[in-house]
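For reference, the structure discussed in these notes is given below.
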Amino acid sequence: MAEPVGPTTPIELVQAAYARYPKAVAEARARLGRPVTFAEKVLFAHADDPATVGIDRGVDYADYRPDRVAMQDATAQMALLQFMTAGLPQVQVPSTVHCDHLIQARVGAAADMANALDVNSEVYDFLRTVSAKYGIGFWKPGSGIIHQVVLEQYAFPGGMMIGTDSHTPNAGGLGMVAIGVGGADAVDVMAGWPFNTRVPKVIGVRLTGKLSGWASAKDVILKVAGILTVKGGTGAIVEYFGPGCESISATGKATICNMGAEIGATCSLFPYDQRTAGYLRSTARGELAKLADAHAEHLRVDSEVIENPELYFDRVIDINLSELEPHLVGPHTPDLDRPISDVGKAAHEEGYPLEISAALVGSCTNSSYEDIGRAANIARQAKAKGLMVKAPLLITPGSEQVRATIERDGLLADLEAIGATVLANACGPCIGQWQRDDITKGTPNTIVSSFNRNFPARNDGNPSTLSFIGSPETVTAMALTGRLDVDFVRHGVPGPDGEDILLEPPSADELPAKGFDPGESGFVAPAPVGNTVEVVVKPGSDRLELLEPFAAWDGNDFTGLQVLMKAVGKCTTDHISPAGPWLKYRGHLTNISGNLFIGVNNAFSLDEAGTGIDVRDHSRKPLPDLAKAYKDAGIYWVAIGDENYGEGSSREHAAMEPRYMNGRAIIVRSFARIHEANLKKQGVLALTFKNPDDYERLCADDTVDIVGLADLAPGNPVTVVIHHADGTSSEILTTHTMSEEHIAWFKAGSALNVLRGN
Ligand code: MIC
Ligand code: SF4
C-alpha cells in the first residue's frame, strides 16, 4: 500500500475507483445483457476481474476488492490477533480501528471516559501499537462510534468497504456498498486477498412522497423491517430508488441502511444525490462532492430499471413516505412493528409494563446532528410548556464532531434542560455497557431507545427488560410521557396540571448552519513503513491471548458426536456469545469461551436458559461448563439451531468458541449470513437440514455421525446419521454453501491456516 492511512479517504483513492466505472459498468451491462442496478455497478467496479466475476445472484461466489476496511475495538482484537499470525509487514488495503465498544456508561461522559481509559488500557495499548506497526489508522476512545466516524471521514459514493461490525452498511447512506463481516474476512482483505462472498440478490425499495410531521428516516426502516422480517433481507442488497430518496437527508439515509442489518441484508444502498453532496461539503469533503457530481451517471441505477423495476430486482417494495407515521418496534425483536397509534392498545393486551423506566437516544443508527436536533426541538417545546422528562433520558452522541457541534449550537443544553444526561461518544448502553442500578435483574420493565437491536438482555443484561425502538424524537416524546400507552402524536403529553399538551412535529436543521466543529481530533496515524513498533501481549493477561492454530482435519468422518444443545426459536449471536460484561474478553479466546451459549433456550433443558444436560450422568450444567467438560474428556459435539441461527452481530467469537470447545458442526434450519460465513472461516461445518422437520428428530441422548466428508464438494448434500439411545438410528441429509475454497479451509482447520500456508 503506497499511501499511509490518514484521517479521511484521499481524493486519489476515489479518483482511482471512479476511473474503473465506465469500463466495469459497460462490462456489467454486456455480460448481464440488460440495464443494471446501482448495486451491480458498484460490485462490478470492485470485482477482482469484471470480465469473469460471478453474475448469478444468490448462486455464484465472487471475488471483490474493497477500497477500505474498518474495525471496531471489540472485534478488531481478534481480527488483528489473526492478522499478526499471517506474518505480513503491513496491511495491503487502507484500514482503520475505532475505539467505541468498550466504554461503559455509568454516570456521564467525562467520568465514564476516564474509567474506560483506565480499565481498558491494556487493550487500547495493544490496538494502538498493533495499528502503528501494521500501517492501520487508529481512532482513540472518545472519537465516536465507528459508523458515524466512517460516514464523516471515509465513506464515499460508489465505494466499497468491509467492516468487522454488522452495522457497517451505515455507509450505504452515502452510496457505498459497505458490508459487515467477521474478523477473518477482514484479515483476508488486509492481507491482500480478495473479499469472497456470494453474489447478492438485489431487493428494490421504491420511495415515493415525502417525509412529514413526526415521521422520520427511522420510521422508513422500521416499516421495511416489519415487511421483510428479520430474515427477509438475507443474502440481498436492499437498494432504495425513486423520487422519495431526495426527501431524506444523507444521515437519515444512513439510519435506514444501518438498520438494514436487522433484516439480515448484506447491505443497503442509496443513490448519490444533492443531499449527499451537501453532507460531503459540510464534512469538509467538497472536492469529493465535485468528483461525485462528475461521475453521477454511474452513482445511481439505470433509468430503464426505474421504469420497470420488477424486471430487474428480485423483489420490489413500495413505500409512500407521505403516508408514513412514527413507528415503534419490539419487544425482543426488531421486526415486531406497530405505528405509535397502535402501541397503547397492544401494550394493554400483551401486558407490557406501561411505565417507561429509561429512554435512550443515540447509537450508530441515530446520533447525527439532525437526529439530536429533532430530539432537542421536542425538548425546547417541552421546556417552554413547563414539561420535564418522567423517565431518565440518556443521550449518546455518535462522534466527537457531532458532540462538539451540538454542544456549540446549544442542542445538548436543550436536552439537559428537560433532565437528560449526556454519555460518552460511544456504543454505551446499546451494547450492554450500561451499568444500570435502578432495576434489579429479573424485574420486568419497559425501555425505549433509538438504537437498532432489542434482543433480550442486550442493553442492561436483564432478560426481563422489554426494549422498544423508535426514532430519537419518538423516544424523547416518550421520555416526557413516561408511558408506553400515551399516543403523544394525537393526544400530546400530560402536563403538570393533568391537561394534555400537544407538541408540534419536530423540525431541525439537517446540517449545522455554522458548519461542523471537529472537536478534539481522535486520529492517530500509523508509524512509517518498516518501523520497529513492538506489540505487547502480556503473558498471563486475562484480556489478550495469542492464538494457536486450530488442528487440521484428520481425514476421517466425524463419528459419535454428542448433541450439546438444541436451540429453540431465536438464537442470535447475543444468545451464543453475549456482549456487555463479556466484551472485556474479546481478545482472549479461552476466557471468552466461558460465555458460550449462555443465552440459548435449549430444548433439552428449557426451564433454565443457557444450560444443558451432561449425557454421562444426566446432570444439568451451564452450557459453557458442559462444553468444557466434554472438551476435557476428549468428546466432540454438534449444536443444533432453529431458523436464522446467528442473527445479529458480526462477532466471530460466536464461531471461534464452538470450534475451540470441540464443536465440529452446527446444524440448523437456516443461518444468518455473517455467522454462517464466520463458522466456515473457522473450520466448523455449517450444515442446514434439507428437510427442516428433521430438527425435531434430535434428542438429548443422541449421538451423531457426519459421513462422506472425503467427498465434500460444492452443492453436494452431507449425510448425517443420528443414533438414538434406544439403539435405533436414522439418516438425514443436510446441505451446505461451501465452495471449493471453503472446503479447503475446513480441511486445513481454518481459513487462517490456509492464509498462513499451514
Ligand atoms: C452489535 O451491535 O451487536 C455489535 C456489538 O456492534 C456487533 C459487533 C460485536 O459484537 O463486537 C455487531 O453488530 O457486529
Ligand atoms: Fe455500537 Fe450499538 Fe452500533 Fe453495534 S449497534 S456499533 S453496539 S452503537
Side-chain angles (χ1 to χ4, degrees), residues 70-79 97-105 123 127 139 141 144-151 162-171 178-183 185-186 221 254-255 257-262 264-265 267 334 360-368 371 394-399 402 423-434 449-455 457-459 467 469 572-587 592 595 599 646-657 672-675 677-678:
M71 293 165 278
Q72 43 88 341
D73 50 1
T75 48
Q77 298 172 57
M78 206 47 97
V97 166
H98 303 258
C99 295
D100 53 2
H101 279 62
L102 301 178
I103 301 165
Q104 199 174 42
V123 172
L127 290 174
W139 287 82
I145 307 175
I146 176 170
H147 311 302
Q148 276 293 332
V149 175
V150 165
L151 200 72
I162 58 166
T164 60
D165 190 280
S166 64
H167 292 104
T168 302
N170 192 67
I179 301 180
V181 298
D185 273 311
I221 185 61
T255 296
C257 293
N258 177 301
M259 239 190 118
E262 271 52 68
C267 69
L360 306 110
V361 169
S363 94
C364 57
T365 325
N366 271 118
S367 50
S368 65
D371 287 332
L394 306 175
I395 314 281
T396 39
S399 67
V402 166
L423 303 172
N425 315 322
C427 301
C430 180
I431 192 51
Q433 292 279 43
W434 178 20
S449 79
S450 73
F451 303 167
N452 42 27
R453 294 212 162 120
N454 54 358
F455 305 142
R458 177 172 170 98
N459 303 118
S467 165
I469 298 174
T572 70
T573 46
D574 280 3
H575 295 83
I576 303 170
S577 171
W582 291 94
L583 279 171
K584 61 175 172 295
Y585 296 132
R586 285 291 187 84
I592 194 138
N595 75 0
E647 168 185 348
S649 156
S650 67
R651 60 190 78 140
E652 63 194 324
H653 308 75
M656 293 178 96
E657 294 175 31
R673 177 189 63 88
I674 305 180
H675 186 61
N678 286 344

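Residues: numbered from 1 along the sequence shown. Whatever order the structure lists ligands and atoms in, that order sets their numbers, starting from 1.
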Using 0.5 Å steps for rounding, measure from the [atom1] atom of [X] to the [atom2] atom of [Y].
X	Y	atom1	atom2	answer
S649	R458	OG	CZ	7.5 Å
T75	E652	OG1	CD	8.0 Å
I162	C267	CD1	SG	12.5 Å
S363	R453	OG	CZ	10.5 Å
Q148	S399	CD	OG	5.5 Å

Atom indices of ligand 2 within 4.0 angstrom of H147 heavy atoms, with elements: 6 (S)
Proximal atoms of ligand 2 relative to I431 (non-hydrogen, under 4.0 Å): 7 (S)
Identity and separation of the nearest protein heavy atom to [atom]:
atom	result
atom 3 (Fe) of ligand 2	C364 SG, 2.3 Å
atom 6 (O) of ligand 1	D165 OD2, 2.6 Å
atom 4 (Fe) of ligand 2	H101 NE2, 3.8 Å
atom 1 (Fe) of ligand 2	C427 SG, 2.4 Å
atom 7 (C) of ligand 1	S649 OG, 3.2 Å
atom 2 (Fe) of ligand 2	C430 SG, 2.3 Å
atom 8 (C) of ligand 1	Q72 NE2, 3.1 Å
atom 13 (O) of ligand 1	S166 OG, 2.5 Å

N452 (side chain) donor-acceptor with T365 (main chain) under 3.5 angstrom: no
Run the numbers for me: atoms of ligand 1, each under 4.0 Å from some heavy atom of [X], listed by number.
X	value
A74	11 (O)
H101	4 (C), 5 (C), 6 (O)
S650	12 (C), 14 (O)
R651	3 (O), 5 (C), 9 (C), 10 (O)

Heteroatom distance test (T164, ligand 1): nitrogen or oxygen, under 3.5 angstrom: no
T75 N/O under 3.5 Å from ligand 1 N/O: no
R453 near ligand 2 by a heavy-atom separation under 4.0 Å: no
Ligand 2 contact by R458, heavy-atom criterion under 4.0 angstrom: yes
Test item, R458 contacting ligand 1 (heavy atom, 4.0 angstrom): yes
Atom 2 (Fe) of ligand 2 reached by H167 (N, O or S, under 2.8 Å): no
Taking every non-hydrogen atom, the tightest pair across W434 and Q104: N-CG, 4.4 Å
Q72 to I146 - nearest heavy-atom pair and separation: N-CD1, 3.6 Å
Sub-4.5 Å side-chain heavy-atom contact between I592 and S577: yes
Side chains of F455 and S467 in contact at under 4.5 Å (non-hydrogen atoms): no
Mutual orientation of the aromatic rings belonging to H147 and H167 [parallel < 30°, tilted 30-60°, perpendicular > 60°]: perpendicular
Ligand 2 versus N452: contacting region, heavy-atom distance under 4.0 Å: side chain
Among I145, D73, V150, the one residue meeting side chain to side chain contact (heavy atoms under 4.5 Å, CB included) with H98: V150
